[in-house]
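This report concerns only the one structure given below.
These values consider heavy atoms only, across backbone and side chains, with no hydrogens, waters or symmetry-generated copies. Residue numbers begin at 1 in each chain, while the letters A, B, ... track the order of the sequences.
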Number of protein chains: 2
Amino acid sequence: MRELVLDLLLEQNVALSLSEIEDKFDQADRSTLYRTLKTFEENKVIHSVDDGSGMIKYAVCKDTCSCNPSELHAHFHCVKCKKTYCLTDVPVPEVNLPHGFSIDYVNLVVKGVCVNCRK
Amino acid sequence: MRELVLDLLLEQNVALSLSEIEDKFDQADRSTLYRTLKTFEENKVIHSVDDGSGMIKYAVCKDTCSCNPSELHAHFHCVKCKKTYCLTDVPVPEVNLPHGFSIDYVNLVVKGVCVNCRK
DNA sequence: TTGTTTTTGCAACCCGGTTGCATTGTGTAT
DNA sequence: ATACACAATGCAACCGGGTTGCAAAAACAA
Ligand SMILES: [Mn+2]
Ligand SMILES: [Mn+2]
Ligand SMILES: [Zn+2]
Ligand SMILES: [Zn+2]
């Protein structure tokens with residue numbers, strides 16, 4: 001199962017949700033896929049994206065993606081097709097916080113219309 | 001009810017979730033509060049924040065907050081106390097998207113430890 | 001007072017995420 | 001080959017935030 005899920009994610013150019021992955025396989029159990037994704041994430045094979053759609057999306061980590069706070073990238077969520085893209089070329093910005101606040105992680109999600117839906 | 005909710009939100013320096021608002025009142029119905037928040041949001045009295053905690057937070061719009069895409073601000077979510085602050089001084093950055101992508105909205109959430117939890 | 005509109009309360013539903021537990025499968029040592 | 005230990009899977013149920021339909025109550029207007 002893990003091999004199948006990993007292969008599926010590798011051939012995507014967008015991040016997939018648990019439900020979407022579920023739909024790609026005819027007879028796969030939701031909880032198995034759920035735990036597979038959790039395992040992948042813990043082992044830094046994939047990273048999760050909270051695009052605000054209510055469903056967490058997952059994408060494979062590229063070579064450059066060590067998921068360090070210093071090298072996080074932005075994500076794009078298309079409001080039409082609901083697809084979520086990794087903007088690996090768009091690093092999250094430096095943020096000047098009020099005094100006393102410390103940063104662990106930055107989530108930058110851009111919402112709009114993707115190139116495929118722009119016709 | 002609306003007056004009470006608005007007063008509550010006005011005296012906060014953080015954004016509140018529906019559940020948190022529910023807890024502040026002893027005998028208020030969840031759906032009433034829910035619809036109150038929706039009404040406020042539609043009328044641009046408050047704005048919602050998706051901080052990735054799973055609960056949408058709400059905060060009153062300040063004078064400068066017209067909720068235009070051009071003047072959105074970042075938000076800070078404390079991983080310890082779970083409070084979410086409006087960083088009204090931190091505008092969301094310009095983002096250079098791949099060709100063909102258009103921007104509707106940008107969500108920038110910084111996670112870390114807030115000044116109160118930093119002791 | 002009467003009729004109309006808005007707000008509220010209640011209950012139920014939806015859906016993604018999550019978990020407990022028994023079953024199945026895999027891998028290893030004897 | 002067998003027996004055991006451990007990991008992965010399937011199933012069912014649960015959780016919690018969000019959402020909705022509908023009838024009762026409250027606010028408004030004629
Ligand atoms: Mn990504
Ligand atoms: Mn805000
Ligand atoms: Zn699209
Ligand atoms: Zn805090």
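One can place CG of Leu6(B) at 17 Å from C1' of dT7(C), the figure rounded to the nearest angstrom. Note: CG (Leu33(A)) to P (dT9(D)) measures 9 Å, nearest angstrom. As a whole-Å value, the separation of Phe40(A) CZ from dA7(D) P is 17 Å. Following rounding to the nearest Å, Gln27(B) (CD) and dC10(C) (C1') show an atom-to-atom distance of 15 Å. Atom C1' of nucleotide dT9(D) and atom CD of Glu22(A) are separated by 14 Å, given to the nearest angstrom. Ile21(B) places its CD1 atom 14 Å from the C1' atom of dG18(D), with the value rounded to the nearest Å. At whole-Å resolution of the value, NZ in Lys82(B) and P in dG16(D) are 15 Å apart. One interatomic measurement links the two molecules: CE of Met1(A) to P of dC11(D), which rounds to 13 Å at whole-angstrom precision.
Contacts of Leu87(A) classified as side chain to side chain contact (heavy atoms under 4.5 Å, CB included), with partners at least two apart in sequence or in another chain: Ala74(A), Phe76(A), Val90(A), Leu97(B), Pro98(B). Arg2(A) meets the salt bridge (charged side-chain N to carboxylate O under 4.0 Å, His left out) test with no other residue; sequence neighbours excluded.
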Find every protein N or O atom lying less than 3.5 Å from an N or O atom of nucleotides 16-20 of chain C, and list the pairs.
| from | atom 1 | to | atom 2 | distance (Å) |
| --- | --- | --- | --- | --- |
| dG17(C) | OP1 | Ile56(A) | N | 2.9 |
| dT18(C) | OP2 | Tyr34(A) | OH | 2.8 |
| dT18(C) | O5' | Tyr34(A) | OH | 2.8 |
| dG20(C) | O6 | Arg35(A) | NH1 | 3.4 |
| dG20(C) | O6 | Arg35(A) | NH2 | 3.4 |

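You'll find the side chain of Glu41(B) stays beyond 4.5 Å of the side chain of His47(B), heavy atoms only.
Considering only side-chain N and O atoms, Thr32(B) lies under 4.0 angstrom from the phosphate OP1 or OP2 of dG9(C).
When hydrophobic side chains of Ile, Leu, Val, Met, Phe, Trp and Tyr are connected at separations under 4.5 Å, Val79(B) ends up clustered with Val113(B). Through direct or indirect side-chain contacts shorter than 4.5 Å among Ile, Leu, Val, Met, Phe, Trp and Tyr, Met55(B) is connected to no other residue.
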Side-chain donor/acceptor pairs under 3.5 Å, residues 9-18 of chain A, sequence neighbours excluded:
| from | atom 1 | to | atom 2 | distance (Å) |
| --- | --- | --- | --- | --- |
| Gln12(A) | NE2 | Leu8(A) | O | 3.4 |
| Ser17(A) | OG | Glu20(A) | N | 3.1 |
| Ser17(A) | OG | Glu20(A) | OE1 | 3.4 |

